[in-house]
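Letters A, B, ... mirror the listed sequences (proteins, then strands); counts begin at 1.
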Protein chains: 2
Amino acid sequence: MRLIIAECSVTYTGRGDTILPRAARAILLKRDGAVSIHSDFGNKPLNYMGKGNVHSVSTDDEGATVWTFDTRKESIRIVLHDVMTDSDHLLAELEPGLARDGTEPQLQQWLSDNPQTFGVGWTTVRREFLTGAGPVDLLVLDDKGDPQAVEIKRIATAASIYQINRYVAALNEEVEEGDPAIAGIVAAVEFRPKTVELAAKFGVRLVTIPRALFMNVAPPVAPAAGSTSSSL
Amino acid sequence: MRLIIAECSVTYTGRGDTILPRAARAILLKRDGAVSIHSDFGNKPLNYMGKGNVHSVSTDDEGATVWTFDTRKESIRIVLHDVMTDSDHLLAELEPGLARDGTEPQLQQWLSDNPQTFGVGWTTVRREFLTGAGPVDLLVLDDKGDPQAVEIKRIATAASIYQINRYVAALNEEVEEGDPAIAGIVAAVEFRPKTVELAAKFGVRLVTIPRALFMNVAPPVAPAAGSTSSSL
DNA sequence: CTGTTCATCTCGTAA
DNA sequence: TTACGAGGTGAACAG
């Protein structure tokens, strides 16, 4: 990765049009051709362009170096008024990449393997059980052997309640006369506001699953003793 | 801005949980406390945290320096196995910030000032004209003096068509018997696929406005002759 | 302070 | 290639 610290001004045109007045900033040029211009505030770059661009170098009428990055649809023009540092660094050629933990698929798998979470004697029938309204995440049998439908989310919202309602309605349309109606459950690590009261209104049961139960890697330990800290 | 190039591994827990295996990466520490970890690919940081965190420094059991960044809800732990470079750079203390051009408000203003864009003799009645379905961007009179409703977007999508339809329907509910029905127009710089046929289906007129017409700053010139270029 | 909408959204995945 | 939905979405703005 090439890192440039420079007084620069930038114009971008493409999906939008922006102008960045002259100031000292950091410019990141990455191995895949991606370029981003960072100020000293915030995580998002002020301007950026992904890989797959053509990089041209020229000089403007005041003698400043000008970099342009072009794709078919976009263009960034960086005028380098004053380059303070320009360095190249060898990073990982094959970035291992970010591994997510505590994901919804993991939670699905864990609940499928641990149906007793919903109650003693409960068993799993099937994951991704197809209903007339689409596949419901999990179909389980309660301690009386009656089926219940489970919608699984990492974070449940009001939309999750409507979703399980659609599945339950579709399932109950096919229930035989006299058989007990299928009930709905939403299982999640976290429930957003308004979800709880909406669930109560529709008779949907909510089950909270602590993420520690189904994560592959244990959550990090507390900071070590004797550490120095600074707040901002 | 402090720039660190280092072999590092990272764990994050908060809104999600992620693990980043050991590899050489760039770490950006910004003036406002924001921190981001970049690989040599893509514009998005692998891990990041905004301002307003507490930064602690400690040492793990293998003697490696460990940085943690904590807020009430999130935590990043960076293990610095091998620091290759660590530099500090003075950037703009007051970032001028990104100025946008060719925005939707600009387009609204320009169309309000140039209703003849829709046809000879057309005039503007009002911007943000309130209907029973919310405010429509622009209400104009055509050359016959009949009102038409205009929805303005930088990029129009199918949703824009449904939106103008709601406004037009609300307006026509209040039209006197015998008066002509109000028609709908969508004006935009760009129309996404499916938008055109949907507009035809509902009888909505589409008007394309070249961005050069209403931009404050002219689009950048073509690359200078004699420039060197490299494609990726 | 929360909630809603916009973004040069980015990024994945399925059709 | 395009359309659709999720994101550790972030950021601006209204209530």
Side chains of A:Arg166 and A:Ile164, heavy atoms from C-beta outward: is any pair under 4.5 Å?
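No. Closest side-chain heavy atoms not under 4.5 Å.
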Integer angstrom distance from the C1' of C:dA7 to that of D:dG7:
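Approximately 13 Å lies between the C1' atom of C:dA7 and that of D:dG7.
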Please state the P separation for the pair D:dA11 and C:dC11 - nearest whole angstrom.
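Per the computed distance, 16 Å lies between those P atoms.
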Side chain to side chain donor-acceptor pair (under 3.5 Å) partners for B:Thr124, two or more places apart:
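Side chain to side chain donor-acceptor pair (under 3.5 Å) check on B:Thr124 returns nothing, list empty.
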Atom-to-atom span, [atom1] of [X] to [atom2] of [N] - whole angstrom:
X: B:Glu95; N: D:dA11; atom1: CD; atom2: P; answer: 14 Å
X: B:Ile152; N: C:dC6; atom1: CD1; atom2: P; answer: 15 Å
X: A:Glu190; N: D:dA6; atom1: CD; atom2: P; answer: 17 Å
X: B:Asn53; N: D:dG10; atom1: CG; atom2: P; answer: 14 Å

Indicate for each nucleotide in nucleotides 8-15 of chain C, in 5' to 3' sequence, whether protein heavy atoms under 4.0 Å reach the base (B), only the sugar-phosphate (S), or nothing (-).
BSSS----
Taking only residues two or more places apart in sequence, or in another chain, which ones meet A:Lys44 in a side-chain contact (heavy atoms from CB on, under 4.5 Å)?
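A:Lys44 satisfies side-chain contact (heavy atoms from CB on, under 4.5 Å) with no other residue.
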Could you list the residues that satisfy side-chain contact (heavy atoms from CB on, under 4.5 Å) with A:Ser160, not counting sequence neighbours?
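Applying side-chain contact (heavy atoms from CB on, under 4.5 Å) to A:Ser160 gives A:Lys153, A:Ala156, A:Thr157, A:Val186.
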Identify, with sequence neighbours excluded, every residue that meets ring-ring contact (aromatic ring centres under 6.0 Å, His included) alongside A:Tyr167.
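Applying ring-ring contact (aromatic ring centres under 6.0 Å, His included) to A:Tyr167 gives none.
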Donor-acceptor pairs under 3.5 Å, side chain of residues 126-133 of chain B to any protein atom, not counting sequence neighbours: which ones?
unit_1: B:Arg127; atom_1: NH1; unit_2: B:Gln109; atom_2: OE1; d: 2.5
unit_1: B:Arg127; atom_1: NH2; unit_2: B:Gln108; atom_2: OE1; d: 3.3
unit_1: B:Thr131; atom_1: OG1; unit_2: B:Ala133; atom_2: N; d: 3.0
unit_1: B:Thr131; atom_1: OG1; unit_2: B:Gly134; atom_2: N; d: 3.3
unit_1: B:Thr131; atom_1: OG1; unit_2: B:Gly134; atom_2: O; d: 2.5

